[in-house]
Amino acid sequence: MDEIRGWRGRCAVISQELLASAFPHHVERALNDLSFAEVHLVYTARDLARQIPAHWQEDVKNRCSLTFAEYVEGLRDPHRPGLSHWVREFWRMQDAPDVLARWGQGIPAERVHVVTLPRPGAPSGLLLERFSEVIGFDPSRCDTSGAFGNPSLGAAETEVIRRLNLATREDVEWQVHDDHVKHYLAQSVLTSREGAQRLRLPDAHRPWVVQRSREIVEALAGSGYRVVGDLDELVPDETGEAKGIDPDAVGEQEVMAAAVDAAAAMVRAWADAGAAPDGRGRDEVLDVKTVGALLRQLDEMHRDAAHLEEATTPAIKKVVRNLSERYPLVMRARERYWRLVEARREREPRATASEK
């Protein structure tokens with residue numbers, strides 16, 4: 001906020017895809033903090049037939065272990081009890097009308113912008129041109145040569161990561177996974193394999209995905225939001241794609257070949273680094289027992305959400321956040337705490353407009 005207040009340019013951009021999943025009280029806080037500014041919302045949307053495989057793949061890189069079939073069946077019936085949080089999170093981010101309704105309270109519709117992703121085969125710079133039209137800058141003046149790349153994994157490569165998640169989720173710290181599985185294996189090693197088969201939505205799921213897409217487009221069309229692009233680009237082609245494979249149909253031979261390449265790359269990396277398997281020097285590897293007492297205390301504190309909410313100063317929150325990224329026990333305790341907080345907020349009576 002200090003940076004934005006001190007900015008003398010025409011506008012400032014805050015861009016992070018995870019903001020789409022914010023809860024109403026998060027949105028309220030954000031908009032209150034930005035009350036000094038004229039706030040616009042920009043939501044970039046892609047058709048669901050492309051977005052579902054891409055989102056599942058990204059979730060797998062972040063330790064999701066659902067098969068693609070389990071993932072898609074959950075998306076098809078999002079109100080089913082016991083649904084995975086991965087599925088719930090998908091719709092909190094990809095249901096454009098819901099996201100914009102959460103964020104758009106009190107914001108005029110003309111200040112809400114929907115940017116559609118062009119169909120495959122469109123010029124590579126078209127999306128940037130559409131975004132620049134909303135923000136108000138000349139895209140030809142931008143040097144995009146250093147932009148962060150996020151190439152897709154193939155079907156066999158994604159399956160290797162998914163099985164690694166199943167094998168390591170109980171005893172490998174999040175930070176180790178993030179550094180060595182997500183960023184190194186997934187985004188550096190496996191994306192560079194030749195002959196990888198791209199993921200595609202199986203034809204059996206296309207009818208309901210097309211129908212859900214039309215419902216989203218209809219809601220956006222009647223919203224009064226400014227659309228940059230074409231809402232029809234958000235409705236998948238009913239005939240399907242010619243290229244790609246059902247992620248669950250990949251053969252064991254292909255998975256094995258990708259797994260061997262992944263293991264070979266890790267061995268070479270460890271040999272070159274002369275480090276422990278988690279990438280740190282051997283004298284830096286922490287013994288979990290040295291923080292065991294602290295973890296038990298944190299676990300006890302998280303059983304009492306009200307007490308922890310009062311006790312957590314910004315400094316303590318930072319320590320807890322850092323520990324939760326390294327130790328699964330702290331992460332689980334932190335998740336329990338937030339579930340308790342959310343449940344308590346839901347039980348609290350809402351003030352009426354006159355009370356406010």
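These numbers come from the heavy atoms of this one structure, side chains and all, not from hydrogens, waters or symmetry mates. All residue numbers in this chain count up from 1 along the given sequence.
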For the residue pair [X] and [Y], confirm or rule out a side-chain donor-acceptor distance under 3.5 Å.
{"X": "R130", "Y": "T116", "value": "yes"}
{"X": "H177", "Y": "Q175", "value": "no"}
{"X": "S65", "Y": "R169", "value": "yes"}

Checklist entry - With a 4.0 Å cut-off, would you call D261 and R193 a salt bridge? => result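 Judged by the 4.0 Å cut-off on N to carboxylate O distance, D261 and R193 do form a salt bridge.
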Next on the checklist: Looking at R163 and E252, is any side-chain nitrogen of the basic one under 4.0 Å from a carboxylate oxygen of the acidic one?
Outcome noted: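 Counted as a salt bridge, because a side-chain N and a carboxylate O are separated by less than 4.0 Å.
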Checklist entry - What do the steps show when you test I4 against L34 for side-chain contact (heavy atoms from CB on, under 4.5 Å), and what is the final call? => result CA-CA 9 Å; I4 294 174; L34 289 165; 4.3 Å; yes
Checklist entry - Quick one: hydrophobic cluster around L18, which other residues, with the 4.5 Å side-chain cut-off, linked directly or via members? => result M93
Checklist entry - Other than V260, what residues sit in its cluster of Ile, Leu, Val, Met, Phe, Trp and Tyr side chains whose heavy atoms are under 4.5 Å apart, directly or through others? => result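 Joined to V260, directly or through intermediates: M256.
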Item to check | Sequence-distant partners of D59, salt bridge (Lys or Arg N to Asp or Glu O under 4.0 Å), two or more places apart | outcome: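 Expected list: none.
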Item to check | With R46 via salt bridge (Lys or Arg N to Asp or Glu O under 4.0 Å) - residues at least two apart | outcome: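 So R46 forms no salt bridge (Lys or Arg N to Asp or Glu O under 4.0 Å) with any residue.
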Checklist entry - Between the main-chain N or O of P24 and the side-chain N or O of W103, is there a donor-acceptor pair closer than 3.5 Å? => result no
Next on the checklist: Using modelled atom types and a 3.5 Å cut-off, is there a donor and acceptor pairing between side-chain atoms of N62 and backbone atoms of E58?
Outcome noted: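 Between the backbone of E58 and the side chain of N62 there is a qualifying donor-acceptor contact (under 3.5 Å).
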Next on the checklist: Over 60° means perpendicular and under 30° means parallel, so tell me whether F90 and Y71 are parallel, tilted or perpendicular.
Outcome noted: perpendicular
Checklist entry - Which residues satisfy the side-chain hydrogen bond (donor to acceptor under 3.5 Å, both in side chains) test with T158, sequence neighbours excluded? => result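 side-chain hydrogen bond (donor to acceptor under 3.5 Å, both in side chains) check on T158 returns nothing, list empty.
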Next on the checklist: Could you work out, with ring-ring contact (aromatic ring centres under 6.0 Å, His included) as the rule, every residue matching F131, not counting sequence neighbours?
Outcome noted: none
